[in-house]
**Student:** 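Before I ask anything, here is the structure I am working with.
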Amino acid sequence: MQNQVISINNYGYIRLNLKDYMDKNNITRNALARAINTRFEVVDKWYKGHVEKIDADVLARICYALGCNPADIIEYVYDES
């Protein structure tokens with residue numbers, strides 16, 4: 001078997017919609033941080049969409065506290081360019 005380098009240029013990206021969900025439901029970052037027992041900075045990164053690696057435990061706690069599903073706050077965007 002030959003070694004091959006596979007290059008995927010346009011695979012899309014993940015968009016976090018937590019800010020929209022929280023704003024629509026009038027939930028503050030401080031309140032969510034307290035509800036899921038984590039630091040404000042963690043929630044702030046999710047809120048601003050600056051999460052590099054999605055922590056499944058944090059995601060589960062956010063969904064539990066907000067009464068939502070992951071699909072409500074995470075979206076896959078296919079890049080067609």
Side-chain angles (χ1 to χ4, degrees):
M1 175 188 238
Q2 291 182 327
N3 292 334
Q4 294 182 355
V5 176
I6 299 173
S7 177
I8 302 173
N9 295 324
N10 301 322
Y11 54 85
Y13 60 94
I14 298 295
R15 176 185 300 148
L16 298 177
N17 297 318
L18 183 60
K19 178 186 183 319
D20 297 335
Y21 192 87
M22 289 175 61
D23 291 349
K24 183 174 73 173
N25 293 293
N26 296 318
I27 300 167
T28 66
R29 288 172 281 176
N30 280 321
L32 182 59
R34 284 192 304 272
I36 67 171
N37 194 31
T38 194
R39 298 183 342 264
F40 174 85
E41 293 81 11
V42 172
V43 172
D44 191 51
K45 282 186 177 184
W46 280 78
Y47 184 84
K48 292 178 178 175
H50 296 154
V51 176
E52 292 178 20
K53 295 181 182 178
I54 294 180
D55 184 330
D57 182 59
V58 171
L59 177 58
R61 289 189 277 157
I62 289 171
C63 289
Y64 179 79
L66 298 179
C68 67
N69 290 310
D72 295 329
I73 58 175
I74 297 176
E75 174 186 5
Y76 170 70
V77 179
Y78 181 74
D79 186 9
E80 295 185 24
S81 58

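Since the model is a prediction, treat every value here as computed from it, not as a measurement.
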**Student:** I'd like to know if Trp46 and Ile14 are part of one continuous hydrophobic network [Ile/Leu/Val/Met/Phe/Trp/Tyr, side-chain heavy atoms within less than 4.5 Å].
**Tutor:** yes

**Student:** Roughly how far, to the nearest 0.5 Å, is the OH atom of Tyr76 from the OH atom of Tyr13?
**Tutor:**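 Reported value, rounded in 0.5 Å steps: 10.0 Å.
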
**Student:** Should Ile74 and Tyr78 be regarded as members of a common hydrophobic cluster, given that ILVMFWY residues are connected when their side-chain heavy atoms come within less than 4.5 Å of each other, either directly or indirectly?
**Tutor:** yes

**Student:** Go through the structure and list residues passing salt bridge (charged side-chain N to carboxylate O under 4.0 Å, His left out) with Glu41, not counting sequence neighbours.
**Tutor:** Arg39

**Student:** Return the minimal non-hydrogen interatomic distance between Asn69 and Cys63, and the atom names on each side.
**Tutor:** C-SG, 3.7 Å

**Student:** How about Leu66 and Asn25: do any of their side-chain heavy atoms sit closer than 4.5 Å?
**Tutor:** no

**Student:** If the condition is side-chain contact (heavy atoms from CB on, under 4.5 Å), which residues does Ala65 pass it with, not counting sequence neighbours?
**Tutor:**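 Expected list: Leu32, Ala35, Ile36.
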
**Student:** The criterion is side-chain contact (heavy atoms from CB on, under 4.5 Å); which residues satisfy it with Lys45, sequence neighbours excluded?
**Tutor:**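 If we apply the side-chain contact (heavy atoms from CB on, under 4.5 Å) test to Lys45, skipping adjacent residues, the hits are Val51.
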
**Student:** Scan for salt bridge (charged side-chain N to carboxylate O under 4.0 Å, His left out) pairs involving residues 57-66, sequence neighbours excluded, and state none if there are none.
**Tutor:**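 Only Asp57-Arg61 qualify under salt bridge (charged side-chain N to carboxylate O under 4.0 Å, His left out).
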
**Student:** Counting only pairs under 3.5 Å, give me each side-chain donor-acceptor contact of residues 16-24, with atom names and distances, residues two or more places apart or in other chains.
**Tutor:**
residue	atom	partner	partner atom	Å
Asn17	ND2	Glu75	OE1	3.2
Lys19	NZ	Asp23	OD2	2.7
Asp23	OD1	Tyr47	OH	2.9

**Student:** Under the side chain to side chain donor-acceptor pair (under 3.5 Å) rule, what pairs show up with a residue in residues 26-37, not counting sequence neighbours?
**Tutor:** Arg29-Asp44

**Student:** How about OH on Tyr64, more than 12 heavy atoms from neighbouring residues, nucleotides or ligands closer than 6.0 Å, or not?
**Tutor:** no

